[in-house]
Amino acid sequence: MYDNFQKFLSQELDGIREAGLYKNERIIVTPQGAEIRVNSGKEVLNFCANNYLGLSNNPKLIAAAKEALDTHGYGLSSVRFICGTQDLHKKLEASIAEFFGTEDTILYAAAFDANGGVFEPLLGEEDAIISDALNHASIIDGVRLSKAQRYRYANADMADLEEQLKKAQAQRFRLIVTDGVFSMDGNVAPMDKIYELAQKYDAMVMIDECHSAGVVGETGRGVTELYNLRGKIEIITGTLGKAFGGAIGGFTTGKKEIIELLRQRSRPYLFSNSIPPVVAAAGIKMFDMMAETNELQDQLHENTAYFVQKMLDAGFDIKPTRSAICAVMLYDAKLSQEMAAKLLDEGIYVIGFYYPVVPKEQARIRVQISAAHKREHLDKCIAAFTKVGKELGVLKA
Ligand SMILES: *Cc1c(COP(=O)(O)O)cnc(C)c1O
(Lines give C-alpha, C1' and ligand atoms only; values in the text may rest on other atoms or scores of the structure.)
Protein backbone atom coordinates (compact mmCIF):
# COMPACT_ATOMS: atom_id res chain seq x y z
CA MET A 1 0.00 0.00 0.00
CA TYR A 2 2.69 2.50 0.99
CA ASP A 3 4.72 1.99 -2.23
CA ASN A 4 2.29 3.93 -4.39
CA PHE A 5 1.70 6.56 -1.78
CA GLN A 6 5.44 6.99 -1.25
CA LYS A 7 5.92 7.57 -4.98
CA PHE A 8 3.11 10.11 -4.91
CA LEU A 9 4.65 11.94 -1.93
CA SER A 10 8.10 12.00 -3.55
CA GLN A 11 6.59 13.61 -6.63
CA GLU A 12 4.77 16.18 -4.52
CA LEU A 13 8.00 17.01 -2.67
CA ASP A 14 9.94 17.27 -5.94
CA GLY A 15 7.26 19.62 -7.22
CA ILE A 16 7.67 21.84 -4.16
CA ARG A 17 11.45 21.87 -4.63
CA GLU A 18 11.23 22.61 -8.36
CA ALA A 19 8.86 25.49 -7.72
CA GLY A 20 11.49 26.89 -5.34
CA LEU A 21 8.98 26.72 -2.48
CA TYR A 22 10.71 24.11 -0.31
CA LYS A 23 11.12 25.40 3.23
CA ASN A 24 14.49 24.68 4.76
CA GLU A 25 14.84 25.20 8.48
CA ARG A 26 17.89 26.91 9.88
CA ILE A 27 19.07 25.39 13.12
CA ILE A 28 19.85 27.82 15.93
CA VAL A 29 22.11 26.56 18.72
CA THR A 30 21.76 29.55 21.06
CA PRO A 31 18.74 31.09 22.79
CA GLN A 32 16.59 33.30 20.57
CA GLY A 33 17.83 36.88 20.50
CA ALA A 34 19.33 39.72 18.47
CA GLU A 35 22.61 37.80 18.13
CA ILE A 36 22.27 34.11 17.40
CA ARG A 37 24.55 31.29 16.28
CA VAL A 38 23.43 28.66 13.80
CA ASN A 39 24.66 25.06 13.65
CA SER A 40 27.27 25.87 11.00
CA GLY A 41 28.93 27.96 13.71
CA LYS A 42 28.06 31.20 11.94
CA GLU A 43 27.06 34.15 14.17
CA VAL A 44 24.32 36.30 12.70
CA LEU A 45 22.11 39.21 13.68
CA ASN A 46 18.52 38.06 13.74
CA PHE A 47 16.02 40.32 11.96
CA CYS A 48 13.30 37.76 11.29
CA ALA A 49 11.95 36.68 14.67
CA ASN A 50 8.67 37.77 16.27
CA ASN A 51 10.70 38.58 19.37
CA TYR A 52 9.45 42.18 19.24
CA LEU A 53 10.12 43.06 22.88
CA GLY A 54 13.26 40.95 23.16
CA LEU A 55 11.65 38.83 25.88
CA SER A 56 12.44 35.37 24.46
CA ASN A 57 15.54 35.15 26.61
CA ASN A 58 14.64 37.59 29.38
CA PRO A 59 16.29 36.71 32.74
CA LYS A 60 13.22 37.69 34.81
CA LEU A 61 10.95 35.44 32.75
CA ILE A 62 13.46 32.60 32.95
CA ALA A 63 13.64 33.00 36.75
CA ALA A 64 9.82 33.00 37.01
CA ALA A 65 9.65 29.86 34.85
CA LYS A 66 12.31 28.09 36.96
CA GLU A 67 10.50 28.94 40.16
CA ALA A 68 7.23 27.59 38.77
CA LEU A 69 8.91 24.29 37.94
CA ASP A 70 9.56 23.86 41.66
CA THR A 71 6.23 25.16 42.93
CA HIS A 72 3.84 23.84 40.25
CA GLY A 73 5.65 21.01 38.48
CA TYR A 74 6.34 20.33 34.83
CA GLY A 75 3.07 19.34 33.18
CA LEU A 76 -0.68 19.14 33.81
CA SER A 77 -1.51 15.95 31.90
CA SER A 78 -5.08 17.09 31.54
CA VAL A 79 -7.44 19.42 29.77
CA ARG A 80 -8.58 22.44 31.75
CA PHE A 81 -12.01 21.25 32.86
CA ILE A 82 -10.93 17.85 34.15
CA CYS A 83 -7.85 18.52 36.29
CA GLY A 84 -5.71 20.90 34.28
CA THR A 85 -6.37 24.34 35.77
CA GLN A 86 -3.95 25.77 38.32
CA ASP A 87 -4.06 29.08 40.16
CA LEU A 88 -1.42 30.19 37.63
CA HIS A 89 -3.78 29.74 34.68
CA LYS A 90 -6.52 31.77 36.32
CA LYS A 91 -4.06 34.49 37.27
CA LEU A 92 -2.65 34.66 33.73
CA GLU A 93 -6.16 34.97 32.31
CA ALA A 94 -6.85 37.86 34.66
CA SER A 95 -3.55 39.52 33.69
CA ILE A 96 -4.42 39.33 30.00
CA ALA A 97 -7.88 40.83 30.58
CA GLU A 98 -6.30 43.63 32.60
CA PHE A 99 -3.76 44.31 29.86
CA PHE A 100 -6.38 44.61 27.11
CA GLY A 101 -9.09 46.20 29.25
CA THR A 102 -11.46 43.30 28.59
CA GLU A 103 -13.83 41.36 30.85
CA ASP A 104 -12.44 37.83 30.78
CA THR A 105 -9.90 35.61 29.00
CA ILE A 106 -9.65 31.97 27.96
CA LEU A 107 -6.26 30.35 27.33
CA TYR A 108 -5.40 27.96 24.51
CA ALA A 109 -2.30 25.99 23.57
CA ALA A 110 -1.73 28.46 20.73
CA ALA A 111 -3.40 31.37 18.96
CA PHE A 112 -3.96 28.95 16.10
CA ASP A 113 -6.29 27.10 18.46
CA ALA A 114 -7.87 30.30 19.78
CA ASN A 115 -8.81 31.27 16.22
CA GLY A 116 -9.71 27.70 15.34
CA GLY A 117 -12.09 27.44 18.28
CA VAL A 118 -13.77 30.83 18.38
CA PHE A 119 -16.27 30.87 15.50
CA GLU A 120 -17.94 27.47 15.55
CA PRO A 121 -19.31 27.69 19.11
CA LEU A 122 -20.54 31.27 18.77
CA LEU A 123 -22.07 31.58 15.32
CA GLY A 124 -24.45 29.38 13.35
CA GLU A 125 -25.96 29.10 9.90
CA GLU A 126 -28.14 32.14 10.40
CA ASP A 127 -25.14 34.38 11.18
CA ALA A 128 -22.44 36.10 9.11
CA ILE A 129 -18.66 36.37 9.36
CA ILE A 130 -17.12 39.19 7.35
CA SER A 131 -13.38 38.59 7.05
CA ASP A 132 -10.43 40.56 5.65
CA ALA A 133 -8.90 38.78 2.66
CA LEU A 134 -5.43 38.89 4.22
CA ASN A 135 -6.40 37.44 7.59
CA HIS A 136 -4.13 34.79 9.11
CA ALA A 137 -4.46 31.16 8.05
CA SER A 138 -5.81 30.21 11.49
CA ILE A 139 -8.73 32.62 11.06
CA ILE A 140 -9.47 31.20 7.64
CA ASP A 141 -9.46 27.67 9.06
CA GLY A 142 -11.56 28.71 12.06
CA VAL A 143 -14.16 30.35 9.83
CA ARG A 144 -14.33 27.17 7.74
CA LEU A 145 -15.21 25.16 10.84
CA SER A 146 -18.28 27.29 11.53
CA LYS A 147 -21.60 27.11 9.72
CA ALA A 148 -21.94 30.89 9.46
CA GLN A 149 -22.32 32.59 6.08
CA ARG A 150 -18.96 33.88 4.86
CA TYR A 151 -18.20 37.26 3.38
CA ARG A 152 -14.75 38.47 2.39
CA TYR A 153 -13.49 42.01 1.82
CA ALA A 154 -10.27 43.17 0.16
CA ASN A 155 -7.47 43.98 2.61
CA ALA A 156 -8.36 47.02 4.72
CA ASP A 157 -10.75 48.15 1.95
CA MET A 158 -13.54 49.98 3.77
CA ALA A 159 -15.75 50.47 0.69
CA ASP A 160 -15.68 46.72 0.16
CA LEU A 161 -16.32 46.03 3.84
CA GLU A 162 -19.40 48.29 3.67
CA GLU A 163 -20.57 46.43 0.57
CA GLN A 164 -20.28 43.09 2.37
CA LEU A 165 -21.98 44.42 5.49
CA LYS A 166 -24.93 45.50 3.36
CA LYS A 167 -25.17 42.00 1.91
CA ALA A 168 -24.93 40.49 5.39
CA GLN A 169 -27.93 42.42 6.73
CA ALA A 170 -30.07 39.35 6.00
CA GLN A 171 -28.29 37.39 8.72
CA ARG A 172 -29.09 37.35 12.45
CA PHE A 173 -25.69 38.33 13.91
CA ARG A 174 -22.67 39.76 12.07
CA LEU A 175 -19.00 39.52 13.11
CA ILE A 176 -16.28 41.49 11.34
CA VAL A 177 -12.89 39.78 11.70
CA THR A 178 -9.50 41.35 11.08
CA ASP A 179 -5.84 40.99 11.93
CA GLY A 180 -4.64 44.01 13.93
CA VAL A 181 -1.37 44.11 11.98
CA PHE A 182 -1.01 42.27 8.67
CA SER A 183 2.17 40.28 8.79
CA MET A 184 3.46 40.74 5.25
CA ASP A 185 3.08 44.53 4.90
CA GLY A 186 3.11 45.61 8.54
CA ASN A 187 0.04 47.77 7.94
CA VAL A 188 -2.50 48.27 10.70
CA ALA A 189 -6.20 47.55 10.18
CA PRO A 190 -8.13 50.86 10.03
CA MET A 191 -9.95 50.10 13.27
CA ASP A 192 -11.61 53.52 13.58
CA LYS A 193 -13.43 53.01 10.29
CA ILE A 194 -14.09 49.33 10.92
CA TYR A 195 -15.66 50.21 14.27
CA GLU A 196 -17.77 52.96 12.67
CA LEU A 197 -19.06 50.57 10.02
CA ALA A 198 -19.74 47.95 12.69
CA GLN A 199 -21.91 50.49 14.53
CA LYS A 200 -23.67 51.55 11.35
CA TYR A 201 -24.45 48.00 10.21
CA ASP A 202 -25.02 46.40 13.59
CA ALA A 203 -21.99 44.12 13.60
CA MET A 204 -19.60 42.87 16.29
CA VAL A 205 -15.82 43.04 15.84
CA MET A 206 -13.04 40.54 16.39
CA ILE A 207 -9.36 41.52 16.20
CA ASP A 208 -6.43 39.13 16.04
CA GLU A 209 -3.70 41.04 17.89
CA CYS A 210 -0.91 38.48 17.37
CA HIS A 211 1.46 40.89 15.58
CA SER A 212 0.14 44.05 17.26
CA ALA A 213 -0.07 43.19 20.97
CA GLY A 214 3.02 44.43 22.80
CA VAL A 215 3.97 46.41 19.72
CA VAL A 216 1.32 48.85 18.51
CA GLY A 217 0.07 51.78 20.59
CA GLU A 218 2.01 53.96 22.99
CA THR A 219 2.08 51.26 25.68
CA GLY A 220 1.82 48.25 23.36
CA ARG A 221 -1.80 47.47 24.20
CA GLY A 222 -2.38 46.86 20.52
CA VAL A 223 -4.63 48.39 17.89
CA THR A 224 -7.43 49.04 20.38
CA GLU A 225 -5.03 51.43 22.11
CA LEU A 226 -3.93 53.04 18.84
CA TYR A 227 -7.54 53.75 17.89
CA ASN A 228 -8.92 54.48 21.35
CA LEU A 229 -11.20 51.46 21.29
CA ARG A 230 -10.18 49.94 24.60
CA GLY A 231 -13.05 47.91 26.04
CA LYS A 232 -15.23 48.38 22.95
CA ILE A 233 -14.27 45.31 20.93
CA GLU A 234 -16.22 42.12 21.53
CA ILE A 235 -13.44 39.61 20.78
CA ILE A 236 -9.64 39.85 20.76
CA THR A 237 -7.36 36.90 20.08
CA GLY A 238 -3.61 36.87 20.65
CA THR A 239 -0.52 34.81 21.24
CA LEU A 240 2.09 34.40 23.95
CA GLY A 241 4.38 33.17 21.18
CA LYS A 242 5.44 36.51 19.70
CA ALA A 243 6.12 39.74 21.62
CA PHE A 244 5.00 38.23 24.94
CA GLY A 245 8.02 35.99 25.59
CA GLY A 246 7.74 33.82 22.51
CA ALA A 247 7.21 30.45 24.21
CA ILE A 248 3.77 29.05 23.39
CA GLY A 249 0.15 29.75 24.18
CA GLY A 250 -2.79 31.69 22.82
CA PHE A 251 -5.86 33.39 24.17
CA THR A 252 -9.24 34.87 23.43
CA THR A 253 -10.21 37.86 25.53
CA GLY A 254 -13.35 39.96 25.45
CA LYS A 255 -16.97 40.04 26.63
CA LYS A 256 -17.52 37.73 29.56
CA GLU A 257 -20.48 35.79 28.16
CA ILE A 258 -18.50 35.07 25.01
CA ILE A 259 -15.58 33.71 27.05
CA GLU A 260 -17.94 31.74 29.27
CA LEU A 261 -19.56 30.02 26.31
CA LEU A 262 -16.15 29.27 24.78
CA ARG A 263 -15.17 27.47 28.01
CA GLN A 264 -18.24 25.27 27.55
CA ARG A 265 -18.06 24.64 23.81
CA SER A 266 -14.74 25.56 22.22
CA ARG A 267 -13.23 22.32 20.97
CA PRO A 268 -9.48 23.14 21.10
CA TYR A 269 -10.04 24.17 24.74
CA LEU A 270 -12.12 21.16 25.71
CA PHE A 271 -10.07 18.52 23.94
CA SER A 272 -6.46 19.65 24.23
CA ASN A 273 -3.94 19.87 27.07
CA SER A 274 -3.44 22.87 29.36
CA ILE A 275 -0.40 25.07 28.87
CA PRO A 276 2.46 24.10 31.21
CA PRO A 277 2.85 25.94 34.54
CA VAL A 278 6.24 27.39 33.52
CA VAL A 279 4.60 29.16 30.59
CA ALA A 280 1.73 30.45 32.71
CA ALA A 281 4.07 31.72 35.44
CA ALA A 282 6.43 33.45 33.01
CA GLY A 283 3.38 34.96 31.29
CA ILE A 284 2.15 36.43 34.57
CA LYS A 285 5.61 37.86 35.23
CA MET A 286 5.67 39.32 31.73
CA PHE A 287 2.35 41.17 32.18
CA ASP A 288 3.54 42.41 35.60
CA MET A 289 6.59 43.86 33.86
CA MET A 290 4.39 45.52 31.21
CA ALA A 291 2.35 47.15 33.97
CA GLU A 292 5.49 48.51 35.67
CA THR A 293 7.39 50.03 32.79
CA ASN A 294 7.08 51.05 29.16
CA GLU A 295 10.82 50.76 28.51
CA LEU A 296 10.65 47.92 26.02
CA GLN A 297 7.83 49.43 23.97
CA ASP A 298 9.65 52.77 23.92
CA GLN A 299 12.83 51.06 22.77
CA LEU A 300 10.98 49.12 20.07
CA HIS A 301 9.26 52.24 18.75
CA GLU A 302 12.55 54.14 18.73
CA ASN A 303 14.34 51.29 16.95
CA THR A 304 11.62 50.93 14.33
CA ALA A 305 11.47 54.65 13.55
CA TYR A 306 15.27 54.80 13.29
CA PHE A 307 15.51 51.77 11.02
CA VAL A 308 12.73 52.81 8.66
CA GLN A 309 14.06 56.35 8.28
CA LYS A 310 17.64 55.21 7.62
CA MET A 311 16.44 52.67 5.07
CA LEU A 312 14.36 55.32 3.28
CA ASP A 313 17.35 57.67 3.35
CA ALA A 314 19.49 54.92 1.81
CA GLY A 315 17.04 54.74 -1.10
CA PHE A 316 15.06 51.60 -0.28
CA ASP A 317 11.41 51.21 -1.17
CA ILE A 318 9.71 50.52 2.17
CA LYS A 319 5.99 49.81 2.65
CA PRO A 320 4.37 52.31 5.00
CA THR A 321 4.34 50.58 8.39
CA ARG A 322 2.89 51.29 11.81
CA SER A 323 4.20 48.10 13.37
CA ALA A 324 7.62 46.54 13.90
CA ILE A 325 7.40 44.86 10.48
CA CYS A 326 9.32 46.58 7.72
CA ALA A 327 8.76 45.29 4.19
CA VAL A 328 11.69 46.13 1.90
CA MET A 329 10.10 45.93 -1.54
CA LEU A 330 12.06 44.26 -4.35
CA TYR A 331 9.10 43.04 -6.48
CA ASP A 332 11.18 40.29 -8.15
CA ALA A 333 11.08 36.81 -6.54
CA LYS A 334 14.55 35.72 -7.58
CA LEU A 335 16.04 39.00 -6.47
CA SER A 336 14.45 38.63 -3.03
CA GLN A 337 16.13 35.23 -2.57
CA GLU A 338 19.48 36.44 -3.90
CA MET A 339 19.41 39.47 -1.66
CA ALA A 340 18.50 37.46 1.46
CA ALA A 341 21.37 35.03 0.72
CA LYS A 342 23.86 37.87 0.29
CA LEU A 343 22.64 39.49 3.50
CA LEU A 344 23.21 36.23 5.33
CA ASP A 345 26.81 36.26 4.05
CA GLU A 346 27.03 39.71 5.65
CA GLY A 347 25.75 38.25 8.92
CA ILE A 348 22.16 39.50 8.65
CA TYR A 349 19.42 36.91 8.93
CA VAL A 350 16.28 37.98 7.06
CA ILE A 351 13.79 36.18 4.83
CA GLY A 352 12.70 36.99 1.28
CA PHE A 353 9.01 36.39 0.59
CA TYR A 354 7.42 35.94 -2.81
CA TYR A 355 4.35 34.47 -4.50
CA PRO A 356 2.22 32.73 -3.24
CA VAL A 357 3.03 34.08 0.25
CA VAL A 358 2.66 37.62 -1.13
CA PRO A 359 0.95 38.67 -4.40
CA LYS A 360 2.78 38.16 -7.73
CA GLU A 361 5.41 40.83 -8.51
CA GLN A 362 5.34 41.90 -4.85
CA ALA A 363 8.41 40.04 -3.61
CA ARG A 364 10.13 41.59 -0.64
CA ILE A 365 12.41 41.08 2.32
CA ARG A 366 10.58 41.33 5.58
CA VAL A 367 12.59 42.84 8.42
CA GLN A 368 11.28 42.50 11.96
CA ILE A 369 12.62 44.96 14.50
CA SER A 370 13.04 44.11 18.17
CA ALA A 371 13.60 46.06 21.36
CA ALA A 372 16.58 43.72 21.79
CA HIS A 373 18.35 45.30 18.81
CA LYS A 374 21.06 47.71 19.90
CA ARG A 375 21.87 50.73 17.78
CA GLU A 376 25.00 48.95 16.49
CA HIS A 377 22.86 45.99 15.34
CA LEU A 378 20.56 48.31 13.43
CA ASP A 379 23.50 50.17 11.90
CA LYS A 380 25.15 46.93 10.85
CA CYS A 381 21.90 45.76 9.25
CA ILE A 382 21.38 49.06 7.40
CA ALA A 383 25.00 49.03 6.19
CA ALA A 384 24.67 45.45 4.94
CA PHE A 385 21.39 46.24 3.16
CA THR A 386 23.00 49.30 1.55
CA LYS A 387 26.08 47.37 0.40
CA VAL A 388 24.08 44.48 -1.04
CA GLY A 389 21.42 46.85 -2.38
CA LYS A 390 24.08 48.72 -4.38
CA GLU A 391 25.54 45.46 -5.71
CA LEU A 392 22.14 44.34 -6.90
CA GLY A 393 21.09 47.75 -8.17
CA VAL A 394 17.92 48.08 -6.09
CA LEU A 395 18.55 51.51 -4.56
CA LYS A 396 16.71 54.57 -5.80
CA ALA A 397 19.09 57.28 -7.05
C1 LIG B 1 1.34 33.99 14.63
C2 LIG B 1 -0.09 34.22 14.41
C3 LIG B 1 -1.05 33.32 14.84
C4 LIG B 1 -0.68 32.00 15.47
O5 LIG B 1 -0.11 32.17 16.72
P6 LIG B 1 0.42 30.88 17.53
O7 LIG B 1 0.23 31.21 18.96
O8 LIG B 1 1.85 30.72 17.13
O9 LIG B 1 -0.41 29.72 17.09
C10 LIG B 1 -2.38 33.63 14.66
N11 LIG B 1 -2.75 34.80 14.08
C12 LIG B 1 -1.84 35.70 13.63
C13 LIG B 1 -2.30 36.96 12.99
C14 LIG B 1 -0.49 35.43 13.77
O15 LIG B 1 0.40 36.31 13.31
Side-chain angles (χ1 to χ4, degrees), residues 23 25 32 48-53 55-56 89 92-93 96 99-100 105-119 129 131-145 152 155-156 175-189 191 194 205-217 220 222-224 226 233 235-254 262 266-269 272-276 278-280 282-283 286-287 321-327 351 353 357-358 366-370:
K23 296 175 191 69
E25 299 177 4
Q32 187 63 278
C48 57
N50 301 315
N51 185 21
Y52 295 123
L53 296 176
L55 291 171
S56 303
H89 297 80
L92 177 57
E93 288 175 341
I96 292 170
F99 184 86
F100 287 98
T105 303
I106 175 173
L107 292 173
Y108 290 86
F112 208 102
D113 290 329
N115 286 332
V118 70
F119 302 104
I129 299 170
S131 181
D132 188 292
L134 288 192
N135 278 343
H136 191 259
S138 55
I139 295 179
I140 294 168
D141 286 8
V143 170
R144 280 191 190 133
L145 292 172
R152 206 170 87 129
N155 178 232
L175 179 67
I176 303 170
V177 186
T178 182
D179 281 8
V181 161
F182 294 92
S183 65
M184 284 300 142
D185 287 5
N187 58 318
V188 167
M191 287 318 306
I194 291 174
V205 178
M206 169 176 150
I207 308 173
D208 178 337
E209 293 261 29
C210 280
H211 277 288
S212 41
V215 174
V216 172
V223 294
T224 60
L226 189 67
I233 300 300
I235 305 172
I236 292 171
T237 57
T239 181
L240 300 174
K242 290 189 171 112
F244 293 156
I248 192 90
F251 56 85
T252 300
T253 189
L262 291 176
S266 181
R267 293 166 69 84
Y269 181 80
S272 188
N273 199 18
S274 300
I275 60 166
V278 289
V279 172
M286 196 275 312
F287 284 107
T321 178
R322 294 183 79 179
S323 64
I325 291 167
C326 176
I351 302 285
F353 290 95
V357 179
V358 294
R366 180 177 73 172
V367 179
Q368 291 174 281
I369 304 296
S370 168

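Start at 1 and go down the list; that is how both ligands and their atoms are numbered.
Residue contacts with ligand 1 for Cys210 involve side-chain atoms from C-beta outward but no N, CA, C or O (heavy atoms, distance under 4.0 Å).
Of the protein's non-hydrogen atoms, the one nearest atom 3 (C) of ligand 1 is His136 CE1, 3.4 Å. Of the protein's non-hydrogen atoms, the one nearest atom 15 (O) of ligand 1 is Lys242 NZ, 2.6 Å. The single protein non-hydrogen atom nearest to atom 9 (O) of ligand 1 is Phe112 N, 2.9 Å, given as residue, atom name and distance. The protein heavy atom nearest to atom 7 (O) of ligand 1 is Thr239 OG1, 2.6 Å. The protein atom (non-hydrogen) at minimum distance from atom 5 (O) of ligand 1 is Ala111 CB, 3.2 Å.
To the nearest 0.5 angstrom, Leu262 atom CG is 13.5 Å from Arg267 atom CZ. In this structure, CD1 on Ile236 lies 10.0 Å from CE on Met206, to the nearest 0.5 angstrom. Leu134 CG to Asn155 CG: the interatomic distance, rounded to the nearest 0.5 Å, is 4.0 Å.
Residue Ser183 places no heavy atom under 4.0 Å from ligand 1.
Those atoms of ligand 1 with a heavy atom of Ser138 less than 4.0 angstrom away are 10 (C), 11 (N). In summary, the atoms of ligand 1 found under 4.0 Å from a heavy atom of Asp208, numbered by their order in the structure, are 10 (C), 11 (N), 12 (C), 13 (C). Remark: ligand 1 atoms within the under-4.0 Å shell around heavy atoms of Ala110 are 7 (O), 9 (O). Heavy-atom contacts of Asn115 reach the following atoms of ligand 1: 10 (C), 11 (N) (cutoff under 4.0 Å).
Phe244 and Phe251 have parallel rings, their planes meeting at less than 30° on a 0 to 90° scale where 60° marks the start of perpendicular.
Counting heavy atoms from C-beta outward, Met286 and Leu55 have side chains that approach closer than 4.5 Å. The shortest side-chain heavy-atom distance between Val205 and Met191 falls under the 4.5 Å cut-off.
Here's the thing with Asp179: none of its N/O atoms is less than 3.5 angstrom from an N/O atom of ligand 1.
Side-chain atoms of Tyr108 and Ser266 form a donor-acceptor pair, as typed in the model, at a separation below 3.5 Å.
Residue Asn115 is tested with Thr237, Thr252, Asp141 for a side chain to side chain donor-acceptor pair (under 3.5 Å); the sole match is Thr237.
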